[in-house]
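Take a look at the structure set out below.
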Amino acid sequence: MATRSQRGIRIAIDRGGTFTDCVGNPGTGKMEDDVIIKLLSEDPSNYEDAPLEGIRRLLSKFTGKEIPRGEALDTSKIESIRMGTTVATNALLERKGEEIVMVVTKGFKDCLEIGNQSRPNIFDLAIKKPDVLYEKVIEVDERVTLEDYAEDPYRNETEAESYESAGQDTELVRGLSGETVRILRRPSEDTIRSQLKKVYDEGIRSIAVCLMHGYTYPAHEALVGKLAKDIGFSHVSLSHELMPMIKLVPRATSACADAYLTPAIKKYISGFEAGFEGGLGSESVKRQGEEKGARCEFMQSDGGLVDVDKFSGLRAILSGPAGGVVGYALTSYDSETKIPVIGFDMGGTSTDVSRYGSGRYDHVFETTTAGVTIQSPQLDINTVAAGGGSRLFFKNGLFVVGPESAGAHPGPTCYRKGGPLAITDANLFLGRLLPDFFPKIFGKNEDQGLDAEASEKMFKELTDRINKEVASEKKDSEMSIDEVAYGFIKIANETMTRPIRSLTEARGHDTSKHRLATFGGAGGQHAVAIAQALGISQVLIHRYSSVLSAYGMALADVVDEKQEPDSKVWNDDDDEVKKYLRGKMEDLKAKSTATLKDQGFNDEQIHFEEYLNLRYRGTETGLMVVKPSKEEADKDYNGDQWNFGKAFVKQHEQEFGFTLPDRDIIVDDVRARGIGKTFEGLEQTVDQQLKELKPKDLGGEEKRYATRQVYFEGGRHETPIYKLEDLDVGDRIKGPAVLADGTQTIVVTPETTALIIKTHVVINIGENGGQDNKKVDTSTVDPIMLSIFAHRFMAIAEQMGRALQKTSVSTNVKERLDYSCALFDADGGLVANAPHLPVHLGSMSTCVRKQAEIWKGKLKKGDVLVSNHPMFGGTHLPDITVITPAFSGDKIVFYVASRAHHADIGGILPGSMPPNSRELFQEGAAIKSEKLVSEGKFNEKRMIELLLHEPAQWPGCSGTRCLADNINDLKAQIAANQKGINLISTLIEDYGEDVVQFYMHNIQDNAELSVRNLLKDVSKRFGSDNLSAIDYMDDGSPIKLKITIDAEKGEADFDFTGTGAEVYGNINAPEAVSYSAIIYCLRCLISQDIPLNQGCLKPINVKIPKRSFLSPSDKAAVVGGNVLTSQRVTDVVLKAFRACAASQGDCNNLTFGFGGNQSGEEEVKGFGYYETIAGGSGAGPTWDGTSGVHVHMTNTRITDSEIFERRYPVILREFSLRAGSAGKGQHPGGDGVIRDIEFRIPVQVSILSERRVYHPYGLEGGEDAECGINYWVRKVEDLDPNADSAAPDEGDQKVMKTGAKAPDVEYVNLGGKNTASMRPGERIIVMTPGGGGWGKVGEKSQAVKGKEPTHAWRKGSIAERQAMAEASA
């Protein structure tokens, strides 16, 4: 075994998209001996491979003799090469990986196409879902399931022996996670062999295998893997080996990504290795003599290095950016002072943010890159903007930055390739970027600098356009070119600070208590402004900030991760469980130690981080809890380092704001992170240097390189320029100033100072933060201020949402994020709301306005109102709205409100969503207008009366079945509202009440203008044609709409005269629901990001006939109105505008469970489950429909198939696309899905659905889609053995043949809305509608294939939060 010797040259390389950065050290380890080289990643006329060229140049420098290009490089002088590479990311982005086949359990061939069924952009009618990575799918006829279920109120646990030692025919075995697995069907080797041989003969050589519950029972996956290797497949990815974690979809995607990318990486590595004499990697180091190779390690997504031979595609996706995180973490964090650091990496094409605190990296286990969701430990790196290449737009009266990027080609205007205006141009024009210091690589011969004149010319044109559009009577209010360019910089900073705040606050940290470490070429130009906006007082910029990713590789450790699933219940007093888990941890550590020793590490160099992945029973939010350090254990846990339970409770309290003392804590995974230490720590930390340093202020022209006119808030200043290399340790420079070298430019704003220390430039921000709170003029609207306030108001609504999620306890709010928070002006007009749940868009302001009218003049400070009644702006009863007025003196200046979906509020069925309700009282507690808080006092007694006692007085009804959760969530809503009030009060302190009020109204005017322009545009398209449409609910009730547009004013009448009467059923929809549907449709048609507020409805006059089912009486049942009728209203509006064919027009609400306290009987313990199911989306003039996706007014995610079976007593027989259900056309619609669920115990099953009678329409000659069907597959004891089961007709035959034999069962059509008691072994099959087609069949397709502008972004926890919020509708 080779030990880690210190024999010479160390090289670290980051191969980025544009540049490859190399840092070399001759072996001394001293910073002053480092050599840095920066070269283009692609330069085919000069060299084939940038990293090889970098190593050649470094070796030539260190050995003192020029090595010719093309000569094999001698590894005997090299101690180590460390690399980060974008090979995997690029292959993923460009979809240029290996051809692969995916092998999956029968019934799940479309699992990756359906994914979690939510759509990425809620307002995009042309739904863009990322392409799958595989060419072919093989379905294996095998099946296992879990025997026990987590929601079992009696906690039954079935014993079984482990699957390794169980006999061939044993049906019940214990899986890796300790859960008992039932083997339902064993695979046939011969069948699999012939299936694999078929695709092998077609030329596919790489295979990904992911079978249901393979994480705990891997035997069937291992069998497929063995057969594939025997046949000759060159790469086999088995999901249980890559990441043995529960969740079928992310595990399958990960296996596919690995099979798709690893061959590409291996190909790259073999080409790279060919450039060396002596070989690379730990195996080559073991050889003796001349042949001895050099160590070569690659950076993985988790911030650890791995030997070149073990580098895989799955763990390579964040390879480059991970180096940057390691770089700033190890150079900016001090374990003594423990000040956490936010990393801000702004390059030419992306801005990434991350966080480092308490001496450990923040890892996430599910992230999305290039549309592929990966399950594997990765650093929590989040792209928040397109970097210096972020494009600049003026749209609908607002300044907009990104997310579109100018890219590296053509790049910004100043790159001399005819590119668009971008942030880089704004910095250049304002003097914040200095051409003298920028590489001269532009122009025809790549020898020219940045083109400042081109940037100026484009800005002049844009400024003229802006001034023309916002022309006001006052000539002196015209904007200068400087103001416009600076306006874009301010908006760019606003756009970036919102997600950074989200990153820290969502985890329970205070942003202002961090330092900002900035790196990347463009970071220094924005860092100070970003820090000011976040309340951060110190910015750290490393000497190597422009090559920090490469430097990070040099500092990183080699890491080996081992993980296994589990299912034990943690108990602080149960020594047996602790002993078992310790044993499992020691096994993992032993495996990891062996791997690291094989790479030359000894026992002293190997350290471990030990983790348990823990969660409360009944929740899905797990926390990866690290074993407490000795110091923490002595302080908090009586010296017990294995007190994971208390550590979990403490972390849960910090991140989520509450604990659940009466719930079990479940262990989901055991994880050991083995670390081979290669780096001894820096000479001195930032804090140690600052302590010893005596700063010396530079005066006059001392050390100045030049002066330039640079623009800061308010105007241009004569600003000194300093070359970084001319400055000495201890020099302090007062702003304004610009510090620069060949790779970076640092802008030091007025009121701040820059201090030079050995390793960093430290910028300290003054008391007033250098922010110039000048009086804002309210006589005319400033488009820059309007854009800033649009961001600020949205940020407030988002922060309210985070506060609500943090302090609530129910799954609906905490995990499904089924809530909305919003702020309103003094009249109750909506100013901003987040997240965008379409069904809440127009309805919340109806509610707030109504309450404002009722309580006019009667409210006092400290009062809070509550309402959920449909006649008072409610949607359906479970959505309860809490409204808080904010006062200035005795006057209400604005309102804030939060609406949350409560899991139960009484009525005839658990969950308060009955499919067969006829009257409102059957749906639970109905609150018209009550004070929830009176002058600061919470009216608990009255709330218990309203929620628990009043509903139970109606026949067949119960009060709320979860009162404690209701009360807790109401208190969380009050707290979220208070947060909103505090944030707006701060805004008022900064700008003054008149300014905030002025922009509250103007942001509504801005939205109004966008809608007026849309309506004028539509009237031009259709001339004087009347826009009208009619469609029907399944009971025959018509929704009739006529839209009349006044082209001159840009106004429209939406007239629903002719709509059907109120229904004695539950598809009645309160008026507020139609308003929401209209706003949603208008926003889709505008297809640009506009502020969604009251202004959208100002140009619209809506006429709904009273006592129709769109304006029902106050006793009418409405639960289906929110989830079904809202979808039909949307279909009708879009049909009138001829925007697209109908989508599935349905949510397919399925509920099942047992238990409750019906009709005064004693409560039976049980459970309830609720889901909505995707269908097909409609095609349009430039797009095909999308299959298996949620549409329009809903976007909820589906529970992952494995979690579904773990939590509930079900077997999911099939979840696939329903081929042939889409409408045909020039552009076909999307297919619906088939969801086939078998129940293992007796349960009550209810379905609430539509489009089971009337087909989703096609448009412009496109064909209609198929209707949906709901079947109950019912056991029949005495059926005539010769009779056929009444199997349904046409393409749905195949569904019926799976599972049970025909004579044992019959297929009963449940209709659209029904409830049934199902016995064990019975099934419900929900077959959802497709989407309609557009255009005549046979005409040439005009479909435009496009990618989201954020397709290439690294989507860590911030994007996941955003997606979850938009998937809660």
Q | Distance, nearest 0.5 Å, that separates CZ of Arg792 from CD1 of Ile1003 | A | 12.5 Å
Q: For residues 720-742, pull every pair meeting ring pair (Phe, Tyr, Trp, His ring centres under 6.0 Å), keeping only residues two or more places apart or in separate chains.
A: none
(Q) Holding to ring pair (Phe, Tyr, Trp, His ring centres under 6.0 Å), I want the full list of residues that pass it with Phe429, two or more places apart in sequence or in another chain. (A) Phe459
Q.
With a 6.0 Å cut-off (strictly less than), is the heavy-atom count around CD of Glu453, excluding the residue itself, greater than 12?
A. no
Q. Excluding sequence neighbours, so at least two apart, what forms ring pair (Phe, Tyr, Trp, His ring centres under 6.0 Å) with Tyr544?
A. His542, Tyr551
(Q) Whether the side chain of Thr497 engages the backbone of Asn493 through a donor-acceptor N/O pair (distance < 3.5 Å, no angle test) should be reported. (A) yes
Q | Heavy-atom pair of closest approach, residues Met346 and Thr351 | A | CG-OG1, 3.4 Å
(Q) Looking only at the side chains, is there a donor atom on one of Tyr328 and Ser354 sitting less than 3.5 Å from an acceptor on the other? (A) yes
Q.
Tell me which pairs pass side chain to side chain donor-acceptor pair (under 3.5 Å) where either residue lies in residues 391-407, with sequence neighbours left out.
A. Asn396-Gln1088
(Q) Under the rule for salt bridge (Lys or Arg N to Asp or Glu O under 4.0 Å), what residues qualify as partners of Asp687, not counting sequence neighbours? (A) Arg515
Q: Might you point out which heavy atoms bring Val341 and Ala517 nearest each other, and give the distance in Å?
A: CG1-CB, 3.5 Å
Q | Residue that, paired with Ser455, satisfies side chain to side chain donor-acceptor pair (under 3.5 Å) out of Asp425, Asn427, Thr424 | A | Asp425
**Q.** Gap between atom CG of Leu421 and atom CG of Leu462 - 0.5 Å precision
**A.** 6.5 Å
**Q.** Steps toward salt bridge (charged side-chain N to carboxylate O under 4.0 Å, His left out) verdict (Lys460, Asp464)
**A.** CA-CA 6 Å; Lys460 185 173 183 335; Asp464 290 345; 3.4 Å; yes
Q) Are the side chain of Asp741 and the backbone of Gln744 linked by a donor-acceptor contact shorter than 3.5 Å? A) yes
Q | Pro1091 side chain near Leu398 side chain, heavy-atom distance below 4.5 Å | A | yes
Q) How far does CD1 of Ile536 sit from CG of Leu516, to the nearest 0.5 angstrom? A) 5.0 Å
Q. Can you name the residues that form a salt bridge (Lys or Arg N to Asp or Glu O under 4.0 Å) with Asp482, not counting sequence neighbours?
A. Arg716
(Q) Just to verify, which of Lys758, Lys691, Glu692 counts as forming a side chain to side chain donor-acceptor pair (under 3.5 Å) with Gln684? (A) Glu692
Q: Could you tell me whether Lys457 and Glu461 make a salt bridge, using a distance below 4.0 angstrom between a side-chain N and a carboxylate O?
A: yes
**Q.** Pairing of Arg708 and Asp436 as salt bridge, 4.0 angstrom limit
**A.** yes
(Q) What I want to check is whether the side chains of Ser350 and Thr383 have a donor and an acceptor closer together than 3.5 Å. (A) no
**Q.** Taking every non-hydrogen atom, the tightest pair across Thr778 and Phe998
**A.** O-CE1, 3.1 Å
**Q.** ring pair (Phe, Tyr, Trp, His ring centres under 6.0 Å) partners for Phe399, two or more places apart
**A.** Phe394, Phe488
Q. How would you list, by chain and number, every residue that makes a salt bridge (Lys or Arg N to Asp or Glu O under 4.0 Å) with Asp21, sequence neighbours excluded?
A. Lys38
Q) Residues two or more places apart in sequence or in another chain: which of them pass salt bridge (Lys or Arg N to Asp or Glu O under 4.0 Å) with Asp451? A) Arg416
Q | Under 3.5 Å: donor-acceptor pair, side chain of His514, backbone of Asp510 | A | yes
(Q) Any side-chain to backbone donor/acceptor pair from Ser502 onto Arg498? Under 3.5 Å, distance only. (A) no
Q.
Any salt bridge linking Asp728 with Lys703? Criterion: basic side-chain nitrogen under 4.0 Å from a carboxylate oxygen.
A. yes
**Q.** Neighbour count >12 (heavy atoms, 6.0 Å) for atom NZ, Lys61
**A.** no
(Q) Are the side chains of Thr745 and Val738 in contact, using a 4.5 Å heavy-atom criterion? (A) yes
Q) Within a strict 4.5 Å, meaning less than it, do heavy atoms of the Val761 and Leu739 side chains meet? A) yes
Q. How close do Ala531 and Ile765 get, heavy atom to heavy atom, and via which atoms?
A. CB-CD1, 3.6 Å
**Q.** Test item: Ile466 and Glu483 side chains (from C-beta on) under 4.5 Å apart, heavy atoms
**A.** no
Q) What's the spacing between Arg355 CZ and Leu503 CG if we round to 0.5 Å? A) 8.0 Å
Q.
Looking only at the side chains, is there a donor atom on one of Glu718 and Thr707 sitting less than 3.5 Å from an acceptor on the other?
A. yes
Q) If only atom types and distance count, is the side chain of Ser332 paired as donor or acceptor with the main-chain N or O of Ala329 below 3.5 Å? A) no
Q.
Once ring pair (Phe, Tyr, Trp, His ring centres under 6.0 Å) is applied, do any residues pair with His791, and if so which ones, sequence neighbours excluded?
A. none
Q. Are Thr86 and Arg15 side-chain neighbours, meaning at least one heavy-atom pair lies under 4.5 Å?
A. yes
Q. Parallel, tilted or perpendicular: which fits the ring planes of His717 and Phe712, with parallel below 30° and perpendicular above 60°?
A. perpendicular
Q: Report, as yes or no, whether the 6.0 Å neighbourhood of atom NZ on Lys696 holds more than 12 heavy atoms from other residues, nucleotides or ligands.
A: yes
(Q) Do Asn467 and Met479 make a side-chain contact, defined as non-hydrogen atoms from C-beta onward lying under 4.5 Å apart? (A) yes
Q) Got a donor-acceptor contact below 3.5 angstrom from the Ser549 side chain to the Gly324 backbone? A) yes
Q) When rounded to the nearest 0.5 angstrom, what is the spacing between CZ in Phe344 and CG in Asp352? A) 10.0 Å
**Q.** Between OG1 on residue Thr331 and CG on residue Leu555, distance to nearest 0.5 Å
**A.** 7.0 Å
Q.
Please find the pair of heavy atoms, one from Gln688 and one from Asp334, that lie closest to each other, and give the distance.
A. N-OD2, 4.2 Å
(Q) Checking Glu336 against Thr685: is there a side-chain donor and acceptor pair closer than 3.5 Å? (A) no
**Q.** Leu450 and Tyr415, any side-chain heavy atoms less than 4.5 Å apart
**A.** yes
**Q.** Val401 vs Ile423 side-chain heavy atoms within contact, under 4.5 Å
**A.** yes
Q | Thr413 (side chain) donor-acceptor with Pro420 (main chain) under 3.5 angstrom | A | yes
Q. With sequence neighbours left out, which residue pairs that include part of residues 690-711 fulfil the ring pair (Phe, Tyr, Trp, His ring centres under 6.0 Å) condition?
A. Phe437-Tyr705, Tyr486-Tyr711
**Q.** Aromatic contact, Tyr999 with Tyr991 (centres under 6.0 Å)
**A.** no
Q: Looking only at non-hydrogen atoms, find the nearest pair between Ile491 and Ile784 and report the distance.
A: CD1-O, 3.9 Å
Q) Got a sec, which residues hit side chain to side chain contact (heavy atoms under 4.5 Å, CB included) with Leu983, two or more places apart in sequence or on another chain? A) Ile796, Gln799, Lys979
